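Right, one structure below, let's go through it.
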Amino acid sequence: MKKVLFDTNIILDIALKRNLHFDSASRLFALIDQKKIVGNITATTITDIYYISKKEKGHYETLNFIINLIKVVDVIGVDKEVILNAITSDLKDFEDAVQASAAQLNDVEIIITRNKSDFKNITLTILTPEEFLQRTESKL
């Protein structure tokens with residue numbers, strides 16, 4: 001099974017039920033349920049989700065979402081090595097650099113994001129949800 005890392009925006013599409021992106025994000029999670037991919041997020045994504053989602057959904061609904069999320073995806077730790085690699089990376093956005101570093105250090109093959117341009121010049125494959133789904137579903 002392919003190991004993928006979901007950028008924070010993909011998780012927020014589900015948490016906040018963002019109309020334009022909810023369907024494709026849900027289809028990605030269906031692939032996890034079907035044991036076709038292993039979904040990963042970074043530990044820092046959890047705090048970002050909480051901070052952003054709490055404003056709209058409230059404390060308890062957000063915590064419930066996070067509890068259900070971590071039953072489905074693996075959470076990659078963010079440690080000293082991840083941070084040092086992120087600091088020295090070519091990525092402009094530090095949060096994205098942390099995610100990319102964590103993915104690389106944990107043998108993740110693909111980062112799925114709606115903002116591909118945020119992950120330029122890294123060795124991992126970067127795909128939008130639609131690109132990933134098109135590639136994966138065409139192989140079924």
Side-chain angles (χ1 to χ4, degrees):
M1 278 190 288
K2 287 187 177 162
K3 287 176 72 173
V4 303
L5 180 95
F6 296 119
D7 190 5
T8 304
N9 57 47
I10 304 301
I11 305 302
L12 286 169
D13 291 342
I14 293 174
L16 302 177
K17 295 184 175 138
R18 294 176 172 162
N19 288 338
L20 296 176
H21 309 291
F22 182 78
D23 179 60
S24 59
S26 295
R27 287 170 48 209
L28 292 169
F29 274 74
L31 294 173
I32 296 171
D33 292 341
Q34 297 164 14
K35 308 276 190 241
K36 296 191 185 320
I37 63 172
V38 176
N40 293 271
I41 59 173
T42 62
T44 54
T45 293
I46 301 271
T47 56
D48 293 342
I49 292 164
Y50 177 80
Y51 179 78
I52 295 166
S53 183
K54 179 184 161 202
K55 292 177 183 178
E56 187 173 320
K57 300 289 186 176
H59 173 77
Y60 292 107
E61 190 172 337
T62 298
L63 287 182
N64 190 48
F65 174 82
I66 290 170
I67 289 166
N68 289 320
L69 174 66
I70 62 176
K71 290 177 183 176
V72 177
V73 299
D74 292 334
V75 179
I76 296 173
V78 175
D79 60 11
K80 184 177 185 175
E81 185 178 13
V82 169
I83 297 298
L84 289 173
N85 284 349
I87 289 170
T88 59
S89 82
D90 292 333
L91 297 180
K92 293 178 184 175
D93 184 278
F94 184 66
E95 178 187 359
D96 293 332
V98 168
Q99 290 188 94
S101 174
Q104 289 170 325
L105 291 170
N106 286 276
D107 300 318
V108 171
E109 302 169 56
I110 298 167
I111 294 177
I112 301 176
T113 181
R114 284 191 289 102
N115 303 316
K116 286 175 60 172
S117 64
D118 291 347
F119 293 94
K120 287 183 180 176
N121 302 322
I122 66 169
T123 58
L124 298 171
T125 301
I126 310 300
L127 298 171
T128 66
E130 293 76 16
E131 289 169 339
F132 183 82
L133 289 165
Q134 184 177 34
R135 287 185 183 192
T136 304
E137 292 170 347
S138 69
K139 293 179 183 178
L140 299 179

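Atoms considered below: every heavy atom in the structure, side chains included; atoms not considered: hydrogens, waters and symmetry mates. Remember, predicted model here, so these are calculated numbers, not experimental data.
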Under a 4.5 Å side-chain heavy-atom rule over Ile, Leu, Val, Met, Phe, Trp and Tyr, are [X] and [Y] clustered together?
| X | Y | value |
| --- | --- | --- |
| Leu5 | Met1 | no |
| Ile66 | Tyr51 | yes |
| Ile111 | Val73 | no |
| Ile14 | Ile70 | yes |
| Ile110 | Val72 | yes |

> Going through the distances and angles, do Leu12 and Arg18 end up as a side-chain contact (heavy atoms from CB on, under 4.5 Å)?
Replying inline: CA-CA 8 Å; Leu12 286 169; Arg18 294 176 172 162; 3.7 Å; yes
Mark yes or no for whether [X], through its side chain, and [Y], through its backbone, hold a donor-acceptor pair below 3.5 Å.
| X | Y | value |
| --- | --- | --- |
| Asn68 | Asn64 | yes |
| Asp93 | Asp96 | yes |
| Asp13 | Phe22 | no |
| Ser101 | Val98 | no |
| Glu61 | Gly58 | no |

>> Within a 6.0 Å radius of atom NZ on Lys54, are there more than 12 heavy atoms belonging to other residues, nucleotides or ligands?
In response: no
>> Can you tell me if Asn19 has over 12 outside heavy atoms packed within less than 6.0 Å of its CG?
In response: no
For the [atom1] atom of [X] and the [atom2] atom of [Y], what is their distance to the nearest 0.5 Å?
| X | Y | atom1 | atom2 | value |
| --- | --- | --- | --- | --- |
| Thr123 | Gln104 | OG1 | CD | 4.0 Å |
| Ile10 | Phe132 | CD1 | CZ | 11.5 Å |
| Glu130 | His21 | CD | NE2 | 8.0 Å |
| Glu95 | Asp7 | CD | CG | 7.0 Å |
| Ile67 | Thr62 | CD1 | OG1 | 11.0 Å |
| Lys57 | Lys17 | NZ | NZ | 5.0 Å |

>> Can you tell me which residue among Asp48, Ile46, Thr8 is in a side-chain contact (heavy atoms from CB on, under 4.5 Å) with Ile41?
In response: Ile46
>> Applying the side-chain contact (heavy atoms from CB on, under 4.5 Å) criterion to Leu28, which one of Asp23, Leu133, Thr136 satisfies it?
In response: Leu133
Taking the side chain as every heavy atom from C-beta outward, state whether [X] and [Y] have any atom pair closer than 4.5 Å.
| X | Y | answer |
| --- | --- | --- |
| Ile122 | Ser89 | no |
| Ile32 | Val4 | no |
| Leu69 | Ile49 | yes |
| Asp74 | Val38 | yes |
| Leu124 | Phe119 | no |
| Thr125 | Glu109 | no |

In a table with atom names and distances, give each donor-acceptor pair under 3.5 Å that connects a side chain of residues 76-85 to protein atoms at least two apart or in another chain.
from, atom 1, to, atom 2, distance (Å)
Asp79, OD1, Glu81, N, 3.3
Asp79, OD1, Val82, N, 3.0

> Can you check side-chain contact (heavy atoms from CB on, under 4.5 Å) on Thr128 and Lys116, steps first, answer last?
Replying inline: CA-CA 7 Å; Thr128 66; Lys116 286 175 60 172; 3.5 Å; yes
> Is there a donor in the side chain of Thr45 and an acceptor in the side chain of Thr42, or the other way round, less than 3.5 Å apart?
Replying inline: yes
> Can the ring centroids of Phe6 and Phe29 be said to lie less than 6.0 angstrom from one another?
Replying inline: yes
